[in-house]
Protein chains: 2
Amino acid sequence: MATTPRERARAQTMADITRIGRQHLAEYGAAALSLRAVARDLGVVSSAVYRYVKSRDELLTLLLVDGYDDLGDAVARALAAAPGAPHGERFLVFGHAIRDWARAEPATYALLYGAPVPGYHAPAEQTTGPGTRVVRMLLELAAAALADDALRVPAPSAPAPPGLAAVFEGVREQFGIALPDDVLVAGMLVWAGLFGCVSFEVFGQYGPEGLGDDGAELFTRHLVLLGDALGLAVSG
Amino acid sequence: MATTPRERARAQTMADITRIGRQHLAEYGAAALSLRAVARDLGVVSSAVYRYVKSRDELLTLLLVDGYDDLGDAVARALAAAPGAPHGERFLVFGHAIRDWARAEPATYALLYGAPVPGYHAPAEQTTGPGTRVVRMLLELAAAALADDALRVPAPSAPAPPGLAAVFEGVREQFGIALPDDVLVAGMLVWAGLFGCVSFEVFGQYGPEGLGDDGAELFTRHLVLLGDALGLAVSG
DNA sequence: CGGATTTCGAGAGCACTGCTCTCGGTTCGT
DNA sequence: ACGAACCGAGAGCAGTGCTCTCGAAATCCG
């Protein structure tokens, strides 16, 4: 831990770069993220930042991981603020935390869940970890509800064909969560549906002016329906 | 209609530009769309294409409208191939048509339903028309099912607050379709959820290798659940 | 038919981007 | 104290969007 001055300076510069990068991301969007502009704001010539960041793509990866962490923190914080609430209530908190964060950080949200930036492929080894935090929280919520008998498990549907069964087994293994196939299918739908609702709102599919404050109300009703699909009673 | 040779040449050049633009979009993605590259493929110097297209953004709008039309045609074609089928069946056809098109044209799909291209704002007067074709088809499907008593209408939930009620009324007016609030809420969820599922698959949220052929099977199950949320029996 | 007008493509040019390279100066480990 | 590692500046290359001018061709109109 004997950090030399040079090491501390380097860490400081790295932090400055990501901070400025986050600002530019929020202000101009992902595809307009420019290393030269970051360098200008840093008060340094463009080639200097290449000492710290190998390429524009690496800066994007940095901001990607940063964004996943930020979103994960926000959701975890919101859930921690309602520790003993019923699972349906916690599901509402979970969903609204995602929506609130996405509306506060639309550019970062777009980087995480929008169209992939052309020519950029996120290195899986660095991004899958923080990237799966949110869906893991959702699956854990479902598992907790199931354990508390708060989940209305549907009549088992037709068994999954081998390929799909392997996918389910992979998910159970990756997350270390034992959920029956039907709950897993519903959980994935809830996951995708929730982000579909948020994306439509953030990306402007609901018209140029969006939904404004009524979006929260509509979103709650959508969460109720999604919770219903999962077998979770969200609202009396 | 007396098309002069010059007019025909201009129309031909415009068609060439959109054709090459579509190719580049599919090959390199939206943000990498370059007017200069299009000009090169057209065998012409870059400034020449500015005679036909005011800016890169206008080319994007051209391709945007083109994409909406293409998707709308694909879905309409698929639905037309199953004219007398029960509404649940038609809903499955509807969903899979969207998914199939999105997987075949991921870059165009990303342009329509992914994160908005930075700095680019689609002119509403040109894009809302073709852009609402798909959701209109979904609402018409729901209305047809309702008229045929094939929709299990849920017990009316709490009445919408004034702001949200105005949103619903606006949708009913815009599409000229009379649907009760609760069906409208479910329909919007189905819309967003469906595109959420497709986006997750196309944008690679299901891991680097995606779901492969099992995606269709899983998607069908998700459509069943979404249809259920709408009150539509999709599969016996 | 012939002059006036419009249209068009070519080319130069500006400001910007990502990225590489070299060249000095500072700091570090030994 | 000295060689090695590190770091910032600057030049440079190839690419981008977009603007401007200029000459040639096509069109319109008297």
Side-chain angles (χ1 to χ4, degrees), chain A residues 1-18 20-21 23-25 27-64 107 111 116-123, chain B residues 1-18 20-21 23-25 27-64 111 116-122:
Chain A
M1 278 304 135
T3 60
T4 70
R6 187 171 254 173
E7 274 171 348
R8 285 189 296 112
R10 185 176 182 85
Q12 179 61 47
T13 305
M14 282 293 280
D16 286 347
I17 288 176
T18 60
I20 296 174
Q23 282 175 15
H24 283 216
L25 187 66
E27 201 157 346
Y28 312 109
L33 186 69
S34 149
L35 261 178
R36 284 182 120 110
V38 171
R40 263 197 303 276
D41 276 21
L42 196 60
V44 101
V45 94
S46 79
S47 64
V49 306
Y50 280 89
R51 300 276 182 200
Y52 300 87
V53 170
K54 251 201 284 290
S55 68
R56 178 178 170 277
D57 282 9
E58 194 176 290
L59 178 57
L60 270 180
T61 302
L62 240 54
L63 298 175
L64 195 73
L111 184 59
V117 179
Y120 167 69
H121 267 275
Chain B
M1 281 303 136
T3 61
T4 71
R6 188 171 254 174
E7 272 172 348
R8 285 189 298 113
R10 185 174 185 88
Q12 178 62 48
T13 305
M14 283 294 280
D16 286 348
I17 287 175
T18 61
I20 295 173
Q23 282 175 15
H24 282 217
L25 187 66
E27 203 157 346
Y28 312 109
L33 186 69
S34 150
L35 262 178
R36 284 182 121 109
V38 171
R40 264 197 302 278
D41 276 21
L42 196 61
V44 103
V45 95
S46 79
S47 64
V49 307
Y50 280 88
R51 299 276 182 199
Y52 300 87
V53 171
K54 253 201 282 291
S55 68
R56 177 178 170 277
D57 282 8
E58 194 176 289
L59 178 57
L60 271 180
T61 302
L62 241 53
L63 298 175
L64 195 74
L111 183 60
V117 180
Y120 167 69
H121 267 276

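Only heavy atoms go into these numbers, but all of them, side chains included; no hydrogens, no water, no symmetry mates. A note on names: the letters A, B, ... follow the listed sequences, proteins ahead of strands, and every chain is numbered from 1.
From B/Arg56, atom CZ reaches atom OG1 of B/Thr61 across 10.5 Å, with rounding to the nearest 0.5 Å. In this structure, CG on A/Leu25 lies 6.5 Å from CG on A/Leu33, to the nearest 0.5 angstrom.
The separation between B/Leu33 atom CG and D/dT16 atom C1' is 12 Å, rounded to whole Å. Atom CZ of A/Arg36 and atom C1' of D/dA9 are 13 Å apart (whole Å). Going from atom CZ of A/Arg10 over to atom C1' of D/dA5 covers 12 Å, rounded to whole Å. Atom P of nucleotide D/dC6 and atom CE of A/Met14 are separated by 15 Å, given to the nearest angstrom.
When all heavy atoms are compared, the tightest approach of A/Tyr52 to A/Glu58 is O-OE2, 4.1 Å. Across A/Arg51 and A/Arg10, no two heavy atoms sit closer than the pair O-NH2, 3.0 Å. Across all their heavy atoms, A/Tyr28 and A/Ala32 have their closest contact at O-CB, 3.5 Å.
Just one residue in the list B/Ile17, B/Thr18, B/Leu60 forms a side-chain contact (heavy atoms from CB on, under 4.5 Å) with B/Val53, and that residue is B/Ile17.
In this structure A/Ala48 satisfies the side-chain contact (heavy atoms from CB on, under 4.5 Å) test together with A/Val44, A/Val45, sequence neighbours excluded.
Taking every nucleotide of DNA chain C with any atom under 4.0 Å from a non-hydrogen atom of chain B, the first and last of them, 5' to 3', are C/dT6 to C/dG13.
Heavy-atom distances under 4.0 Å link DNA chain C to B/Val44, B/Val45, B/Ser47, B/Ala48, B/Arg51, B/Tyr52 of residues 40-52 of chain B, given in residue order.
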What pairs of donor and acceptor atoms, side-chain ones from residues 35-42 of chain B against any protein atom, are under 3.5 angstrom apart with sequence neighbours left out?
from: B/Asp41; atom 1: OD2; to: B/His24; atom 2: NE2; distance (Å): 2.9

